[in-house]
2 protein chains.
Amino acid sequence: MPRTSTRPAAAGRRDDRYRLDDQIGFLLRRAYQRASANLVERIGDHDLTAPQFATLARLYERGTLSQNLLGRLVVMEPANIRDVVQRLRRRGLVATGRDPEDGRQLLVCLTPSGLALVRKLLPVEAACTAKTLARLGRAERTLLCDLLRRLTVD
Amino acid sequence: MPRTSTRPAAAGRRDDRYRLDDQIGFLLRRAYQRASANLVERIGDHDLTAPQFATLARLYERGTLSQNLLGRLVVMEPANIRDVVQRLRRRGLVATGRDPEDGRQLLVCLTPSGLALVRKLLPVEAACTAKTLARLGRAERTLLCDLLRRLTVD
DNA sequence: GCGTTATTGTTATGATCATAACGATATGGA
DNA sequence: TCCATATCGTTATGATCATAACAATAACGC
């Protein structure tokens, strides 16, 4: 039973060298939450989430892609990118069709409506990134991006 | 309809100044996915996720906490920390009880079983953090943590 | 004391996430 | 050719996430 004891319930010797706030995974999760919240705060009136916007942005950069490759390019598992594409398609932002040359692949591309939305929101995203990084100097920003990229090299 | 055209389906002028791979939010999401996968790879045989372990670690550091405060300390909304606590309780890693001094609060603490598990996994987590940061030098690691912390100051 | 406000926890909904299992199609080698 | 393998998409399950709405309790101001 929990008590409002002055001593921690997990009494006994504690490992003072461990601090959750020093664990990179915890810091990354917290930072991503903040960045994601910043984005939704600005583009949320269009009912777009961060992963959805990333998907649209990738299609904008690369044009028509298979659903599977699109998923890899936005770091989503096949089962997840499928759901995102489905939601975007339901809203008319994306169109899909079978690849005539490979019956397995499902090709995905932006619709004119999706393209217009991306064009409208690109500067908003850039501003959002700036807000997230507001407390860092110019050199620190590029340094942070560089360090994060190096964490995820294959 | 999607085509396997050589030109992007989103033809027309593109904003070359925007790159998804330069957006801090995208980089943070990717890095967190990697860190989380590293952790699950090592503690997954105990069926613990990253947020679950963070919750146990916080209880280990701070002792008995109200569910609400616990949630804030691991950066989870009330609705989410509730579910996590419920799962940990079902597995006997955590115990809960009403605060006699404040009928609203639900106190949460580690059980002996939960405490033993945390003690066992703390060094594993530390090793996991080291693996995530393996590609960075010592100075770079502390720098990265510092930059991430500064992104999330209130 | 009493009513307003604030805090805590719960419920519900919908969108990410990861994983496993499964068909359908392509590809490669015997 | 034919078969084993690989790839792609789908389905299912369960765990995070955020948000809104709600009840219960506490704290506060008058």
Side-chain angles (χ1 to χ4, degrees), chain A residues 2 25-26 28-41 43-55 65-91 96-108, chain B residues 2 25-26 28-41 43-55 65-91 96-108:
Chain A
F26 182 71
L28 286 170
R29 171 165 153 269
R30 198 167 59 181
Y32 171 62
Q33 281 181 239
R34 178 67 61 102
S36 177
N38 281 345
L39 182 61
V40 171
E41 180 185 352
I43 70 174
D45 51 334
H46 293 279
D47 270 315
L48 278 184
T49 66
Q52 286 172 7
F53 182 79
T55 301
L65 295 168
S66 78
Q67 180 175 277
N68 192 276
L69 177 56
L70 174 59
R72 285 197 298 271
L73 290 174
V74 294
V75 201
M76 295 182 69
E77 298 297 320
N80 304 327
I81 187 61
R82 176 198 172 272
D83 288 347
V84 171
V85 165
Q86 215 170 28
R87 287 184 205 103
L88 295 176
R89 189 169 58 80
R90 234 179 292 150
R91 296 174 54 186
T96 62
R98 285 279 157 199
D99 184 342
E101 298 172 5
D102 187 335
R104 298 169 299 179
Q105 297 193 2
L106 185 71
L107 298 179
V108 186
Chain B
F26 182 70
L28 286 170
R29 170 164 152 267
R30 197 167 58 183
Y32 171 62
Q33 280 182 243
R34 178 68 60 100
S36 175
N38 281 345
L39 182 62
V40 171
E41 180 185 352
I43 70 174
D45 51 333
H46 293 279
D47 269 316
L48 278 185
T49 65
Q52 284 172 8
F53 182 79
T55 301
L65 295 169
S66 77
Q67 180 174 276
N68 191 277
L69 177 56
L70 175 59
R72 286 196 298 269
L73 291 175
V74 294
V75 201
M76 295 182 69
E77 298 297 320
N80 304 327
I81 186 62
R82 175 197 173 269
D83 288 347
V84 171
V85 165
Q86 213 170 29
R87 287 185 205 103
L88 295 176
R89 189 169 57 81
R90 233 179 293 152
R91 295 174 55 187
T96 62
R98 285 280 155 198
D99 184 341
E101 300 172 4
D102 186 337
R104 298 169 301 179
Q105 296 193 4
L106 185 71
L107 297 179
V108 186

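Note that these values count all heavy atoms, side chains included, but never hydrogens, waters or copies made by symmetry. Residue numbers start from 1 in every chain, and the chains themselves are labelled A, B, ... in the order their sequence lines are given, proteins ahead of strands.
Evaluation of the salt bridge (Lys or Arg N to Asp or Glu O under 4.0 Å) test over residues 70-82 of chain A, restricted to residues two or more places apart or in two chains, returns none.
With A:Arg98 contributing its side chain and A:Arg104 its backbone, the two residues share a donor-acceptor pair below 3.5 Å. Counting only distance, with no hydrogens or angles, the side chain of B:Ser36 and the backbone of B:Tyr32 share no donor-acceptor pair below 3.5 Å. Side-chain N or O atoms of A:Gln105 include none that pairs as donor or acceptor with a backbone N or O of A:Asp102 at under 3.5 Å.
Note: CZ (B:Arg98) to P (C:dG9) measures 7 Å, nearest angstrom. Between the C1' atom of D:dA15 and the CZ atom of B:Arg90 lies a distance of 11 Å, rounded to the nearest Å. We find that CZ of B:Arg104 is positioned 11 Å from P of D:dT25, with the value rounded to whole Å. Look at CG on B:Leu65: it is 11 Å from P on C:dG9, rounded to the nearest Å. The CG atom of B:Asp47 sits 15 Å away from the C1' atom of D:dT16 (whole-angstrom rounding). The interatomic distance linking B:Arg91 (CZ) with D:dG14 (C1') rounds to 13 Å, in whole Å. A:Asn68 places its CG atom 5 Å from the P atom of D:dG9, with the value rounded to the nearest Å. B:Asp99 has its CG atom 10 Å from the P atom of D:dA27, to the nearest Å.
Side-chain N/O atoms of B:Tyr32 include none lying less than 4.0 angstrom from OP1 or OP2 on D:dT16. OP1 or OP2 of D:dC17 sits under 4.0 Å from a side-chain N or O of A:Arg29. OP1 or OP2 of D:dA15 has not a single side-chain nitrogen or oxygen of B:Thr49 nearer than 4.0 Å.
Each of A:Leu106 and A:Val40 was assigned the nucleotide of DNA chain D with the nearest heavy atom; the assignment lying further toward the 5' end belongs to A:Leu106.
Near DNA chain D, meaning a heavy atom under 4.0 Å away, the residues from residues 78-88 of chain B are B:Ala79, B:Asn80, B:Val84, B:Arg87.
A:Ala35 meets the side chain to side chain contact (heavy atoms under 4.5 Å, CB included) test with A:Thr132, B:Leu28; sequence neighbours excluded.
Backbone-only contact: B:Gln67 has heavy atoms under 4.0 Å from sugar-phosphate atoms and none from a base. If you check every strand for non-hydrogen atoms under 4.0 Å, A:Gln105 touches sugar and phosphate atoms only.
Side-chain atoms of A:Gln52 lie closest to C:dA15 of the nucleotides C:dT8, C:dA15, D:dT10. Closest contact between the side chain of B:Glu77 and the listed nucleotides C:dT16, D:dT19, D:dT16 involves D:dT19. Closest contact between the side chain of B:Arg72 and the listed nucleotides C:dT8, D:dC17, D:dT10 involves C:dT8.
Annotation: side chain of B:Leu107 is not in contact with side chain of B:Gln67 (no heavy-atom distance under 4.5 Å).
Closest of all the heavy-atom pairs between B:Val75 and A:Phe26 is CG2-CZ, 3.9 Å.
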